[in-house]
Amino acid sequence: MKSVATRNSKKPASPMRILLIWTLVSGLLFGVAEFAEPLDDLLLAIRNKAREHNASGQVVVVGIDNLAQQEVGDWPWKADRYARMIENLGNAGARRIFFDFPINGLKNDPGAPRLIEALKSHSGKVYLSAAFSNDDSTGKRIPLIPPHEARRYSHLVNTNVWINGYNIVWSARYANRVGDLVVPSIASVLSGARGGIDEEFPIDYSIAIGSLPYISASEIVRGDAVVSRVRGRDVIIGTNANGIGNRYSVPGHGPSASVFVAALAAETLLAGAPGTYGWWVPFLLALAVTAMMMRVSRTPLVLGMLVLLPSCALGLPLLLESYGHYTQIMPATVLMLGSMGHLAWRLHRQRFDERGMVNEVSGHPNLNALRAEGVETQDGVTSVNEV
């Protein structure tokens, strides 16, 4: 009977295994604490540029721009100017007319009767802004709602937006509560897509802002021939001059007036309400793939996965967004990068160990290979005890 001496000892957790655990924890923190949101936004902006396309042409932007202020006067205008725009747009065949800003001060405006008459003449086609402002001292919302006389012949739309720390409006809402009223957004009404109060949807900034049909408000006030440009289309009127109204950073374009953000939000819903998925969906998928990679020992398969993972991380979101599905991928990317580093190091160590277990002259296993099998050796001879 032969007894072979073997060495059994518990191996401490390897530094690479610890690194893999910390990678998993880091990916979770990136998702839960939203550490990677700026990077996710940057990647989304790059993907938007990659799939840039033109607007449908259904939404026409009418801007109260520098030219309009020179010809008509400084904004805000009196009610009779807005009445003239409604009359001329309605007579030109505009399908619906939306105002992206509240029309204030109608009670003391001598032109208010003409505006009411214009709304009555085009009853049901005009949508006035009903928004709210936040009182910094009390934190309460102050509703800005048109008077009853104006609401009698028009509809209401909400024009509030929420910006991030970089002055970007990444998402819009289907509806908001203004005072006691639930008011749908311009995008929701224009597209016919409905959602809950405060429910958000991502704005598709891959739509080229320059492809939106644009007309200066000065042309509308003058009554220039714009029939072919507005007939059968929806018109959004907003400010577009330096120093007036709200301006936001549009990814891939730069600072733009709020009316363009409203138009892009409407174009987004016209193409179909986008779906949003939490960061955990791609994270769980990456975790499943990573677990599978850890169990694979064949080098070609591991190398194939190392190539496949970054390709999916970049290409899959681009494909999904083309069909209106949005998600955040940075937490999953952190996990994949860490697991890829672990696998690359494992392959390196495996090849290094294999080279160290073969006699370079004979090509046969050397002493290191015997020791790896648990066989005690002494002076190049295997130690065997006869019983």
Side-chain angles (χ1 to χ4, degrees), residues 34 36-49 51-53 55-56 59 61-65 98-102 127 129-134 141 144 157-178 183-191 193 195-212 214 234 236-276 279 321 324-328:
E34 298 182 349
E37 187 174 332
L39 289 175
D40 256 317
D41 291 344
L42 176 61
L43 290 176
L44 176 57
I46 294 173
R47 295 194 299 272
N48 285 338
K49 203 66 179 177
R51 61 185 189 89
E52 188 176 59
H53 59 282
S56 68
V59 183
V61 174
V62 172
I64 301 176
D65 49 24
F98 298 84
F99 282 85
D100 185 51
F101 53 85
Y127 293 75
S129 171
F132 58 81
S133 62
N134 293 314
R141 289 182 175 182
L144 304 173
V157 285
N158 180 251
T159 55
N160 288 100
V161 297
W162 280 258
I163 61 175
N164 66 4
Y166 301 95
N167 198 39
I168 300 175
V169 183
W170 279 109
S171 60
R173 294 187 177 182
Y174 288 98
N176 279 301
R177 189 176 296 279
V178 182
V183 185
S185 64
I186 292 177
S188 178
V189 173
L190 193 150
S191 64
I197 302 173
D198 299 338
E199 181 182 350
E200 298 184 354
F201 63 90
I203 299 176
D204 185 4
Y205 284 115
S206 68
I207 301 171
I209 195 171
S211 67
L212 291 168
Y214 179 82
D234 294 303
I236 306 178
I237 302 172
T239 58
N240 186 33
N242 298 328
I244 67 172
N246 296 317
R247 299 182 73 83
Y248 307 111
S249 296
V250 173
H253 185 270
S256 301
S258 63
V259 66
F260 291 103
V261 175
L264 290 177
E267 285 280 355
T268 299
L269 292 186
L270 281 173
T276 56
W279 60 269
E321 286 159 10
H325 302 289
Y326 292 78
T327 186
Q328 294 175 311

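What you see is a predicted model, and the numbers here were worked out from it, not measured in a lab.
- Under the side chain to side chain donor-acceptor pair (under 3.5 Å) criterion, Asp198 pairs with Arg173, not counting sequence neighbours.
- Atom-to-atom distance recorded for Leu269:CG and Ile186:CD1 is 12.0 Å, nearest 0.5 angstrom.
- For the residue pair His253 and Ser256, the shortest heavy atom distance occurs at ND1-OG, 3.0 Å.
- For Thr159 against Ser129, the heavy-atom pair with the smallest separation is OG1-OG, 2.9 Å.
- Contact detail for Ser211 and Ala208: the closest heavy-atom pair is OG-O, 2.6 Å.
- Listed here is the closest heavy atom pair of Pro102 and Leu144: CG-CD1, 4.4 Å.
- Put simply, OH on Tyr248 and CG on Asn167 are 7.5 Å apart, with the number rounded to the nearest 0.5 Å.
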Would Asn240 and Arg247 satisfy side chain to side chain contact (heavy atoms under 4.5 Å, CB included), going step by step from the backbone distance to the final call? CA-CA 8 Å; Asn240 186 33; Arg247 299 182 73 83; 4.0 Å; yes
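- Taken from CD1 in Ile168 to OG in Ser249, the straight-line distance is 5.5 Å, to the nearest 0.5 Å.
- Counting only distance, with no hydrogens or angles, the side chain of Thr268 and the backbone of Ile203 share no donor-acceptor pair below 3.5 Å.
- Taking all atoms of both residues into account, the shortest heavy-atom contact from Asn48 to Ser206 is O-CB, 3.4 Å.
- Interatomic distance, CD of Glu321 versus CZ of Arg51, reported as 5.5 Å (0.5 Å rounding).
- The CG atom of Asp100 lies 10.5 Å from the CZ atom of Phe260; values are rounded to the nearest 0.5 Å.
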Verdict with reasoning, Val157 to Leu190, per side chain to side chain contact (heavy atoms under 4.5 Å, CB included): CA-CA 10 Å; Val157 285; Leu190 193 150; over 6 Å; no
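- Smallest separation of non-hydrogen atoms from Val178 and Ala130: CG2-O, 3.5 Å.
- A distance of 8.5 Å separates OG in Ser185 from OH in Tyr174, rounded to the nearest 0.5 Å.
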Working for side chain to side chain contact (heavy atoms under 4.5 Å, CB included), residues Val161 and Ser258: CA-CA 9 Å; Val161 297; Ser258 63; over 6 Å; no
Let me see the working for Asn246 and Phe101 under side chain to side chain contact (heavy atoms under 4.5 Å, CB included), right down to the final yes or no. CA-CA 10 Å; Asn246 296 317; Phe101 53 85; over 6 Å; no
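- Between Trp170 and Tyr205, the angle of the ring planes goes over 60°, which puts this pair in the perpendicular group of the 30/60° scheme.
- Under 3.5 Å, the side chains of Asp234 and Tyr127 contain no donor-acceptor pair of N or O atoms.
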